[in-house]
Enquirer: 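First, the structure itself, so that you have it in front of you.
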Amino acid sequence: MGALQVALGLTGVALSVVAWGLFFSGVVRMVRIIRLGQPDPTRNGPFLPRMATLIKEFAAHTRMNKWRHVGPWHWFVMWGFIIGSAVLFEAYGEIFVPSFHWPIIGGWSVWAFVAEVLGVGTVVGGTALIIVRQLNHPRRSDRQSRFAGSSFWQAYFVEAVVVIEGLGILGVKAFKVASGLETMPLWANFVTNPVGHMLPSSTNWVSVMAFIKLVSGMVWLIVVSRVLTMGVAWHRFSAFFNIYFKRENDGDVALGAVKPMMSGGKPLDFEEADPDKDVFGAGKVEDFSWKGWLDFTTCTECGRCQSQCPAWNTGKPLSPKLLITSLRDHGYAKAPYLLAGGRKDMAGDEVGITGEGAEARLAKIDALALAEAERPLVGGPDELGVIDPEVLWSCTTCGACVEQCPVDIEHVDHIVDMRRYQVLIESDFPTELGGMFKNLENKGNPWGQNARDRLAWTEGLPFEVPVFDGELADDVEYLFWVGCAGAFEDRAKKTTRAVAELLHIADVEYVVLGPEETCTGDPARRAGNEFLFQMLAQQNVEVLNSVFEGRERAKRKIVVTCPHCFNTLSNEYPQLGGEFDVVHHTQLLNRLVRERRLVPVSSTAEDVTYHDPCYLGRHNKVYSPPRELVGATGAQLREMPRHADRALCCGAGGARMWMEERVGKRINLERVDEALGTAPTKIATGCPFCRVMMTDGVTARQNEGVAPGGTEVLDVAQLLLTAVKRGQDGQVTTTDAASGDGTGDEPGDGAGKVAQPATSE
């Protein structure tokens with residue numbers, strides 16, 4: 001041990017004492033800040049499913065690998081950090097004694113190979129991530145860059161340390177080889193053996209490289225401990241907890257049902273709610289749950305959510321990434337005030353730090369924290385709001401952000417919580433929603449139509465549509481939930497009629513509720529009017545429970561044509577005591593085709609592109625049945641570049657159907673342009689809202705002369721009905737269910753082959 005080793009070693013130890021002290025202090029502060037959020041006991045278990053999800057997501061990188069050009073490189077960097085920590089700690093001994101290695105495992109060839117792979121993988125992976133960031137830099141693609149708005153100095157710092165640590169690992173091994181301190185077979189040291197033989201023999205260089213390896217890690221610890229909002233660094237630790245505590249304990253993402261409105265860790269009961277004590281959505285950053293704060297902390301600013309967001313991609317101010325980072329920066333800036341006991345009531349008056357000595361206590365709080373505490377959570381530039389109203393109300397709740405987030409941040413739940421406060425407490429929402437709320441409350445549908453007109457769609461059908469008359473016959477298999485759009489919107493009525501006719505052809509026994517049916521409440525809930533949703537939902541649950549009285553859960557079957565109704569009935573009504581077996585019409589029709597109760601006849605060559613409704617696809621993972629039905633009609637399916645879980649929203653979700661788009665390009669035009677790029681003769685979908693938006697977009701493009709006049713938008717059910725009727729002499733072609741091949745699966749299972757179309761003979 002020479003003077004150089006002693007000097008470097010003591011410097012490294014001294015720096016380490018400071019670094020580790022600051023780091024653990026930072027961890028304690030971060031935990032205290034996250035705990036400022038509201039309680040949420042729903043995240044506590046069960047342990048085994050949550051742990052299995054955690055292991056799968058980080059070990060196999062299942063979510064990160066949704067982007068193949070990034071996932072493998074990040075995988076190397078991640079494992080380099082986790083297992084490479086053992087190599088980092090080895091540096092404490094190598095600085096003082098160059099020949100030092102871990103007892104037992106340090107002399108194993110396998111361990112040498114692991115360290116070699118980690119070193120190479122870290123350098124190559126870190127370099128690849130740097131290249132990816134540069135190729136997608138905003139200076140090259142402006143808003144289209146997923147890194148637009150991200151902190152670049154933080155990313156550059158983390159990426160530089162990653163590469164330096166990797167070079168330090170390889171450098172130590174190479175100089176050990178050069179100095180004869182490490183003799184491993186070539187397969188174990190496949191890089192450092194050849195490099196080491198080209199380097200001079202010097203034990204001092206072993207100490208220097210070990211020092212570089214150690215100091216790079218200590219500098220990293222010091223920097224991140226002083227910047228708790230550096231998500232690109234802190235996600236190395238917080239991501240594990242964020243994944244474990246994700247909303248769905250079965251490992252699914254936070255889509256489908258919206259998180260119930262919580263207060264004090266319990267679902268809010270409006271009949272017993274106290275405005276002075278209970279939390280109504282999120283009106284202040286401390287109103288978010290601790291999991292919300294953990295979400296904000298974990299954001300890596302990778303921008304995957306931003307790249308998929310239909311609002312951001314059409315020039316609107318909403319970026320899911322920037323929304324989360326704005327909440328993070330505001331929350332951590334306000335934290336000193338909250339940790340000191342500060343709290344304001346709904347009127348903005350201080351109720352936390354009051355009484356004798358209040359001024360002195362406030363004086364001890366950082367002035368920036370006090371200033372941050374005065375900012376409204378939602379407000380325009382003049383109010384210095386954290387989240388601009390235009391940002392909040394641009395969201396279509398399509399779920400693309402949640403689907404793509406590699407660390408399971410729950411953007412949609414947070415947005416809906418902020419909307420809830422704005423609607424229920426502030427009464428501050430887009431003016432168009434006022435009429436929609438009034439129509440829902442008074443008429444039971446967002447269009448304000450009379451309930452007696454709910455059966456108008458049946459007029460002209462060549463058969464009688466059975467209406468529930470107070471008692472459900474034993475042979476009735478399904479309740480056909482028509483939905484507001486299916487009953488009142490002219491284009492959606494065609495879908496309703498097509499489904500009814502197909503069910504009639506297939507001899508499926510069903511009934512409709514008619515005037516007894518009201519809106520499920522989906523647009524009210526997504527717009528933040530939780531009170532109105534609860535009112536509508538409880539009314540519907542009561543009606544449906546009476547309809548299915550005496551039937552077991554498996555026989556309480558409902559078929560719907562609207563994905564929004566589908567999602568609400570199947571995922572949200574159970575929160576209110578409504579347990580039903582709900583299927584989308586494409587699922588049921590696909591099953592009927594596979595059972596050969598419906599036999600479509602092949603058409604002449606026709607090109608069809610299919611638009612995935614967000615609430616059918618991403619929110620409920622129904623992708624195959626609609627596509628199989630398109631294939632069953634004999635049409636050639638042409639996929640859009642963005643489809644399935646990456647499909648672009650039509651722009652109608654999140655109650656946007658009833659709001660005007662005043663900023664940027666209309667989302668439906670963006671989607672229609674993409675659909676027209678496949679040169680289809682027809683655009684198919686499985687949602688009445690999507691059909692309205694896509695039809696309006698096609699019409700607009702046809703009026704501009706940029707779309708073929710013959711292109712039309714249809715529901716998949718209409719395509720199927722045409723194909724089923726395409727028999728000899730225009731007669732319906734069907735076969736008895738008993739002649740099926742027995743391969744029919746339950747609705748929703750897209751597996752298996754579509755039944756071959758029958759001939760016209």
Side-chain angles (χ1 to χ4, degrees), residues 33-40 258-270 272-293 295-296 318 323-335 337-339 341-353 369-395 397 410-430 433-434 437 524-534 654-655:
I33 290 172
I34 290 172
R35 293 184 64 185
L36 288 169
Q38 297 291 313
D40 186 354
V258 168
K259 180 173 68 73
M261 195 166 174
M262 307 283 285
S263 180
K266 300 178 181 178
L268 185 67
D269 185 341
F270 282 101
E272 300 179 0
D274 184 350
D276 295 326
K277 296 180 181 179
D278 285 309
V279 173
F280 290 78
K284 301 180 288 295
V285 71
E286 58 267 32
D287 292 341
F288 291 103
S289 70
W290 62 263
K291 175 56 169 65
W293 284 72
D295 275 355
F296 309 154
L318 169 63
L323 180 139
I324 293 297
T325 56
S326 294
L327 293 172
R328 176 198 66 196
D329 295 344
H330 168 64
Y332 275 79
K334 187 179 179 180
Y337 164 77
L338 298 174
L339 290 171
R343 184 169 63 89
K344 296 182 184 296
D345 61 16
M346 290 183 181
D349 298 324
E350 179 63 45
V351 294
I353 303 177
L370 292 175
E372 204 70 30
E374 297 297 324
R375 298 179 65 190
L377 187 67
V378 178
D382 295 339
E383 304 168 283
L384 297 178
V386 179
I387 304 299
D388 191 280
E390 193 67 46
V391 169
L392 181 64
W393 294 104
S394 292
C395 179
T397 67
E410 299 162 6
H411 313 72
V412 172
D413 283 347
H414 303 322
I415 288 172
V416 171
D417 266 343
M418 286 188 283
R419 287 182 173 186
R420 284 166 168 165
Y421 187 88
Q422 293 302 301
V423 171
L424 298 174
I425 303 301
E426 298 291 341
S427 295
D428 185 7
F429 46 83
L433 291 180
F437 291 153
R525 188 170 226 194
R526 267 69 194 170
N529 197 335
E530 183 72 13
F531 180 81
L532 182 54
F533 165 76
Q534 296 278 347

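We use all heavy atoms of the structure for the numbers below, so side chains are in, but hydrogens, waters and symmetry mates are not.
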Enquirer: Which residues satisfy the salt bridge (charged side-chain N to carboxylate O under 4.0 Å, His left out) test with K334, sequence neighbours excluded?
Expert: E286

Enquirer: Would you be so kind as to tabulate the donor-acceptor pairs closer than 3.5 Å made by side chains of residues 261-269, with sequence neighbours excluded?
Expert:
from: S263; atom 1: OG; to: D278; atom 2: OD1; distance (Å): 2.9
from: S263; atom 1: OG; to: V279; atom 2: N; distance (Å): 2.9
from: D269; atom 1: OD1; to: E271; atom 2: N; distance (Å): 3.0

Enquirer: Run the ring-centre check on F270 versus F531 and record whether the distance is less than 6.0 Å.
Expert: yes

Enquirer: What pairs with D40 under side-chain hydrogen bond (donor to acceptor under 3.5 Å, both in side chains), at least two apart in sequence or on another chain?
Expert: T42, R43

Enquirer: Please find the pair of heavy atoms, one from F533 and one from A524, that lie closest to each other, and give the distance.
Expert: N-CB, 4.1 Å

Enquirer: Test your reading of the model: is there a side-chain donor-acceptor pair from E350 to the backbone of R343, 3.5 Å cut-off?
Expert: yes

Enquirer: How long is the span from the OG atom in S289 to the NZ atom in K259, to the nearest 0.5 Å?
Expert: 5.5 Å

Enquirer: Which heavy-atom pair separates L370 from Y337 by the least distance, and what is that distance?
Expert: CD2-CD1, 3.9 Å

Enquirer: First locate atom CD of Q422, then atom CG of L433, and finally report the distance between them rounded to the nearest 0.5 Å.
Expert: 12.5 Å

Enquirer: Between atom CD1 of I324 and atom CG of D329, what is the distance when rounded to the nearest 0.5 Å?
Expert: 11.5 Å

Enquirer: Side-chain atoms of residues 377-385: list all donor-acceptor pairs with protein atoms under 3.5 Å, sequence neighbours left out, distances to 0.1 Å.
Expert:
from: E383; atom 1: OE1; to: G380; atom 2: N; distance (Å): 2.9

Enquirer: To the nearest 0.5 Å, how far apart are NZ in K291 and CD in Q38?
Expert: 15.5 Å

Enquirer: Got a donor-acceptor contact below 3.5 angstrom from the E410 side chain to the D413 backbone?
Expert: no

Enquirer: Do you know the tightest heavy-atom contact between A273 and F280?
Expert: CB-CZ, 3.7 Å

Enquirer: Using modelled atom types and a 3.5 Å cut-off, is there a donor and acceptor pairing between side-chain atoms of R419 and backbone atoms of L392?
Expert: yes

Enquirer: Do M418 and L323 come within less than 4.5 Å of each other through their side chains, counting heavy atoms only?
Expert: yes

Enquirer: State, to 0.1 Å, how close F429 and W393 come at their nearest heavy-atom pair, and which atoms those are.
Expert: CB-CZ2, 3.7 Å

Enquirer: Do any N or O atoms from the side chain of N529 and from the backbone of R525 form a donor-acceptor pair under 3.5 angstrom?
Expert: no

Enquirer: Between atom CD1 of I353 and atom NZ of K344, what is the distance when rounded to the nearest 0.5 Å?
Expert: 9.0 Å

Enquirer: Determine the minimum heavy-atom distance between G281 and D287, stating which atoms define it.
Expert: O-CB, 3.7 Å

Enquirer: Can you tell me how far apart CG (L339) and CG (L36) are? Round to the nearest 0.5 Å.
Expert: 4.5 Å

Enquirer: Looking only at heavy atoms, what is the nearest atom pair of L424 and G528, with distance?
Expert: CG-O, 3.9 Å

Enquirer: Test of understanding: with side chain to side chain contact (heavy atoms under 4.5 Å, CB included), list the residues that count as partners of E390, not counting sequence neighbours.
Expert: P317, D388, S394, V663

Enquirer: Does H414 have any ring pair (Phe, Tyr, Trp, His ring centres under 6.0 Å) partners at least two apart in sequence or in another chain, and if so, which?
Expert: F288, F296

